[in-house]
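Worksheet: one structure, shown below.
Counting starts at 1 for both ligands and their atoms, in listed order.
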Amino acid sequence: MKIETIAVHAGHEVDPATGAVAAPIYLSTTFERDIEGTYSRGFMYSRNDNPNRQTLERGVSLLEAGETAAAFASGTGAAMSILQALSPGDHVLAHVDAYYGTSRLIREIFVRWGLEADFVDMSDLDAVKKAVRAKTKLVWAETPSNPLLKVVDLAALAEIAHDTGAILVCDNTWAPVLQRPFDVGTDLILHSTTKYFGGHCDVLGGIVVGKTDNEFFQRIRSIQYEGGAVPSPFDCWLILRGMRTLPWRMRAHSENAMKIAEFLARHPKVARVHYPGLQSHPGHKIAAGQMSAFGGMLSLEVKDGCDAAMSVAAKTKIFIRATSLGGVESLIEHRASIEGPGTTSPEGLLRVSVGLENADDLIEDLDQALG
Ligand SMILES: *Cc1c(COP(=O)(O)O)cnc(C)c1O
């Protein structure tokens with residue numbers, strides 16, 4: 001089946017008890033035991049498992065063509081479980097342009113608990129080869145990355161990771177459906193389902209998908225229910241509902257972003273546009289090879305730095321000044337001031353999450369804001 005069909009049907013079946021076409025939400029925290037004390041219906045207690053969580057996990061596994069998945073209360077909770085599945089002394093190699101919260105998690109929490117970590121620019125494969133060590137257990141990629149939209153060659157990275165026996169995880173939050181990390185050798189996929197899966201800025205969530213249900217994944221699974229950072233049944237329901245329109249939304253987000261990137265690239269007040277769909281983008285060729293479209297995220301650098309960038313964001317009328325991404329409404333954000341000290345984001349950079357409004361309206365809005 002094609003991905004649009006999987007997205008609509010995966011994890012869904014007509015409720016056999018009532019004929020309900022939309023799935024019921026199982027708020028029950030606890031489930032009845034059989035007379036002899038077993039749980040033949042498969043559920044015991046909702047932290048361990050819940051019907052809505054199970055259908056979400058099954059749905060996302062089918063969409064990514066993985067064997068298994070574990071859903072969490074946020075993308076960060078999901079990232080945390082992967083890092084917790086490692087052992088003290090293990091070395092993690094992460095992308096320098098990884099999501100700010102992920103690198104902060106590694107630097108501020110996991111290094112204190114004995115993980116060793118290095119950050120390299122993974123769009124530079126020679127730098128990756130130099131940074132990989134014998135004790136590297138995990139290679140953490142994100143592509144396109146945040147906020148510079150750097151593109152990482154996943155197939156090449158998988159080869160380097162596997163040569164030293166490391167697991168390759170790809171944070172695929174920015175390009176669900178458009179990019180198929182398991183097809184190019186990735187072992188684990190992470191999504192902040194808060195973003196495109198949910199798609200409407202109204203639910204937090206995260207999921208780890210395993211290409212194979214191996215021992216490492218079993219550790220993530222046990223961290224899920226022993227650690228307890230699980231999503232609510234309603235959150236699972238919302239995220240699976242969002243997934244049904246995901247392929248079509250990704251197509252529309254990408255189409256709009258491409259038009260806006262082309263407009264910005266010609267604008268005299270804009271110094272640089274970071275969008276992998278542009279021929280001028282250093283990662284364009286690799287992106288064209290590993291993505292079916294270039295996604296809905298882009299960054300622009302305004303000439304004249306921080307104040308000029310803040311003023312553009314202040315003048316937009318349709319774009320909403322807010323962090324996050326992946327919703328139907330377009331958002332604009334000055335990354336450096338959100339990330340604060342230690343940010344690698346250029347001062348004049350604005351990150352844009354292109355929504356599903358008409359591209360002409362968005363372009364007109366940016367044009368008047370740039371002045
Ligand atoms: C938002 C985001 C996360 C973190 O997800 P939360 O749901 O906010 O915890 C991780 N990676 C990327 C790329 C993100 O955009």
Exercise. Could you find the nearest protein heavy atom to atom 14 (C) of ligand 1 and give me its residue, atom name and distance?
Key: K195 NZ, 3.0 Å
Quiz prompt | Which of the ligand 1 atoms, numbered from 1, are nearer than 4.0 Å to a heavy atom of W174 | solution = 13 (C), 15 (O)
Quiz item: At a non-hydrogen distance cut-off of under 4.0 Å, which region of L325 contacts ligand 1 (side chain, backbone, both, or neither)?
Solution: side chain
Quiz item: Judged by atom type as modelled, is there a donor-acceptor pair below 3.5 Å linking the side chain of D118 to the main-chain atoms of V92?
Solution: no
Exercise. Using a strict cut-off of 4.0 Å, indicate which atoms of ligand 1 neighbour a heavy atom of E142.
Key: 13 (C)
Quiz item: Side chains of R221 and Q224: do they bring a donor and an acceptor to under 3.5 Å?
Solution: yes
Practice problem: Establish, from distance only, whether the side-chain atoms of S40 and D34 form a donor-acceptor pair under 3.5 Å. | Solution: yes
Self-check item: Side chains of T173 and H191, donor plus acceptor under 3.5 Å
Solution: no
Self-check item: Donor + acceptor pair across side chains of R244, H12 (<3.5 Å)
Solution: yes
Quiz item: Which residue, E333, E339, H334, forms the side chain to side chain contact (heavy atoms under 4.5 Å, CB included) with S337?
Solution: H334
Practice problem: Provide the number and element of each atom of ligand 1 under 4.0 Å from a heavy atom of T173. | Solution: 11 (N), 12 (C), 13 (C), 14 (C), 15 (O)
Practice problem: Output the list of atoms in ligand 1 that are nearer than 4.0 Å to some heavy atom of G75, sorted by atom number. | Solution: 5 (O), 6 (P), 7 (O), 9 (O)
Quiz item: Side chains of R180 and N172: do they bring a donor and an acceptor to under 3.5 Å?
Solution: no
Self-check item: Protein contact of atom 10 (C) of ligand 1 - nearest heavy atom, named by residue and atom, plus distance
Solution: Y99 CD2, 3.4 Å
Quiz item: Where is the nearest protein heavy atom to atom 11 (N) of ligand 1: which residue, which atom, and how far?
Solution: D171 OD2, 2.7 Å
Practice problem: Give a yes-or-no answer on whether the side chains of T212 and E67 include a donor-acceptor pair shorter than 3.5 Å. | Solution: no
Quiz item: Any idea which protein heavy atom is nearest atom 5 (O) of ligand 1, and the distance to it?
Solution: S192 OG, 3.0 Å
Practice problem: May I ask whether G205 places a heavy atom under 4.0 Å from ligand 1? | Solution: yes
Exercise. Please report which non-hydrogen protein atom sits nearest to atom 7 (O) of ligand 1, along with the residue it belongs to and the distance in Å to one decimal place.
Key: T194 OG1, 2.7 Å
Quiz item: Of all the non-hydrogen atoms in the protein, which one sits nearest to atom 9 (O) of ligand 1, and at what distance?
Solution: T76 OG1, 2.6 Å
